[in-house]
Undergrad: 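What follows is a structure written as structure tokens; I'll ask about it next.
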Protein chains: 2
Amino acid sequence: MDAATQIRDPERSRKVLKQVGREVFAEYGFEGARTREIGARAALNKAMISYHFGGKQGLFTEILLEDIRGARARFSEAVGSGGSSAERLAAFVEALGRLAEERPLFLKMLSRELLDAGRHLEPEVEEEFFGFFGLVREVLVQGVARGEFRAVDPHATHIGLVGGLVWFALTAPLREHLEREGRSPAPSPTWAAYVKHYREFVLRGLASSDSPARESGGNA
Amino acid sequence: MDAATQIRDPERSRKVLKQVGREVFAEYGFEGARTREIGARAALNKAMISYHFGGKQGLFTEILLEDIRGARARFSEAVGSGGSSAERLAAFVEALGRLAEERPLFLKMLSRELLDAGRHLEPEVEEEFFGFFGLVREVLVQGVARGEFRAVDPHATHIGLVGGLVWFALTAPLREHLEREGRSPAPSPTWAAYVKHYREFVLRGLASSDSPARESGGNA
DNA sequence: GTCTATAGGCTGATAGAC
DNA sequence: GTCTATCAGCCTATAGAC
């Protein structure tokens, strides 16, 4: 029985611990996560967390660094630097939607850490994190400067824009819970449907009077 | 010294424990909150939590019941039942902004519980909670039915709408932290400025082609 | 590289003194 | 009504066997 766990493949152990760590940190937050739980789900002893990552904090840091860097790269590519501001903003909304759908644990981990006011972020992680969320501001400033968007405050717009997307991710567990019990007033939208709706909503909300500010895949 | 704490005013003790509980639960979540911390901040022994509320869970439940009921009453009054859907929606945005500004701890407590998928909500609290957040849906359905709003999905719209407002509240501590360290790219908007911006943004985003869907206090 | 055993410290709840 | 003392259980980290 324990022979099966004695695989002695350290790379695989590190990988499994990180993946399980994503699950447990997303579900319980840094302080609520139990190393015992991570060890058990990984079919490894919890002592392995200390051995491979130097402890709970080390595992947490390594997961976030890896995921945030990956996300930043994806977003930089998606938003790009050419095209209209509306196109770039739509690309951002779609990229965040895709990220949320493909990596729901990542957004949950980040959101929990935000509620914890970044208490468990080491400086290196903090820097990556702010760079990641600061990406869209440039697009908003550009759109306003070009007159493509109304003269909105980019800071306020940025917060509301991200909020609408992140909130969808944050409330997903509760919506699923409600639907499972048949207590939801209506079926929850899929990510694809939500992103389609939200892209249109945002571009209409920002459009200047003389610019429709919406195109890139017309819909019904 | 301990004579000062021997006030023997049970009503006052209950009140202080609830107020301090709001602070600690908002900051650490249900599981992260320490009864020792609540007792210390209340200048009472932690055993008093069990005496007055039957334990940590009892205090948590009583705080949420009280606050959610208060919020529901305020929102029902603010949104009302007459007037245009745009006016009612604007009233909702302003009421939520006011609530977030006046009771930031309440929104943080709720949001944390949302991330916990409602694990610590007793049935009675859960019911109040859903009624509270379900209030705005009726306005959206009405606006679409009247043709005042575009034919948006009320469920998706509801999520995005609330998200933009709650996110502003949730990220406030982090923004303040950044500004204190001079790492913020721009000064954070006040609640009043944000609500003004957001109301306009939302009404433009929802307006049907033949209806401006925005009035109620014209701005620049 | 992995496990077991244990250390050292913290938790929420509660019995009983006042 | 409030406090002190204490309990049983849990946590993370780590030393040492294999």
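Convention: sequence-line order gives letters A, B, ...; per-chain numbering from 1.
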Undergrad: May I ask you to evaluate whether B:Ser13 reaches the phosphate of D:dT2, defined as a side-chain N or O under 4.0 Å from OP1 or OP2?
TA: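 True: B:Ser13 side-chain N/O within range (under 4.0 Å) of D:dT2 OP1/OP2.
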Undergrad: Can you list the steps and then say if B:Leu203 with B:Leu89 is a side chain to side chain contact (heavy atoms under 4.5 Å, CB included)?
TA: CA-CA 8 Å; B:Leu203 291 180; B:Leu89 194 62; 4.1 Å; yes
Undergrad: Could you state the atom-to-atom distance from CD1 of B:Ile38 to P of C:dT11 in whole Å?
TA: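 Going from CD1 in B:Ile38 over to P in C:dT11 covers 12 Å.
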Undergrad: Is the phosphate of C:dC10, meaning OP1 or OP2, less than 4.0 Å from a side-chain N or O of B:Arg36?
TA: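 The answer is no; no side-chain N or O of B:Arg36 sits under 4.0 Å from OP1 or OP2.
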Undergrad: Side chain to side chain contact (heavy atoms under 4.5 Å, CB included) for A:Leu140 and A:Leu206? Distances and angles first, verdict last.
TA: CA-CA 9 Å; A:Leu140 293 171; A:Leu206 292 182; 4.0 Å; yes
Undergrad: Send over the distance from A:Leu59 CG to D:dA13 C1', rounded to a whole Å.
TA: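 That distance rounds to 14 Å.
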Undergrad: Validate the cation-pi geometry between A:Arg175 and A:Phe168: distance from NZ or CZ to the six-membered ring centre under 6.0 Å, angle to the ring axis within 45°.
TA: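 Here A:Arg175 passes the 6.0 Å and 45° test against A:Phe168.
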Undergrad: Please report, to 0.1 Å, the donor-acceptor pairs under 3.5 Å made by any side chain of residues 70-77 of chain A, with sequence neighbours excluded.
TA:
unit_1	atom_1	unit_2	atom_2	d
A:Arg72	NH1	A:Glu128	OE1	3.4
A:Arg74	NH1	A:Glu102	OE1	3.2
A:Arg74	NH2	A:Glu102	OE1	3.1
A:Ser76	OG	A:Arg72	O	3.1

Undergrad: Using atom NE2 of A:His52 as one end and atom C1' of D:dA13 as the other, report the distance to the nearest whole Å.
TA: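 In whole Å, D:dA13 C1' lies 16 Å from A:His52 NE2.
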Undergrad: Are A:Glu113 and A:His120 linked by a side-chain donor-acceptor pair shorter than 3.5 Å?
TA: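 Per modelled atom types, A:Glu113 and A:His120 side chains form a pair under 3.5 Å.
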Undergrad: Between the protein and nucleotides 13-17 of chain C, are there any N/O to N/O pairs under 3.5 Å, and if so, what are the atom names and distances?
TA:
unit_1	atom_1	unit_2	atom_2	d
C:dA13	OP2	B:Lys56	N	3.3
C:dA13	N6	B:Lys46	NZ	3.1

Undergrad: Distance check needed: C:dC3 P versus A:Asp9 CG, whole Å only.
TA: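 The answer, rounded to whole Å, is 13 Å.
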Undergrad: Rounded to whole angstrom units, what separation is found between the CZ atom of B:Phe30 and the C1' atom of C:dT11?
TA: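 So the CZ-C1' distance, B:Phe30 to C:dT11, works out to 12 Å.
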Undergrad: Answer with base, sugar-phosphate or nothing: what part of the nucleic acid does A:Ala33 contact at a heavy-atom distance below 4.0 Å?
TA: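 Sugar-phosphate, no base atom in range.
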Undergrad: Without decimals, in angstroms, what is the distance between B:Glu37 CD and C:dT11 P?
TA: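 After rounding, the reported distance stands at 9 Å.
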Undergrad: May I ask you to decide if A:Ser188's main-chain N or O and A:Glu179's side chain share a donor-acceptor pair within less than 3.5 Å?
TA: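 Yes, the answer is positive, given that a donor and an acceptor are paired below the 3.5 Å cut-off.
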Undergrad: What's the CD-P distance between A:Glu31 and C:dC10, to the nearest Å?
TA: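 The answer, rounded to whole Å, is 14 Å.
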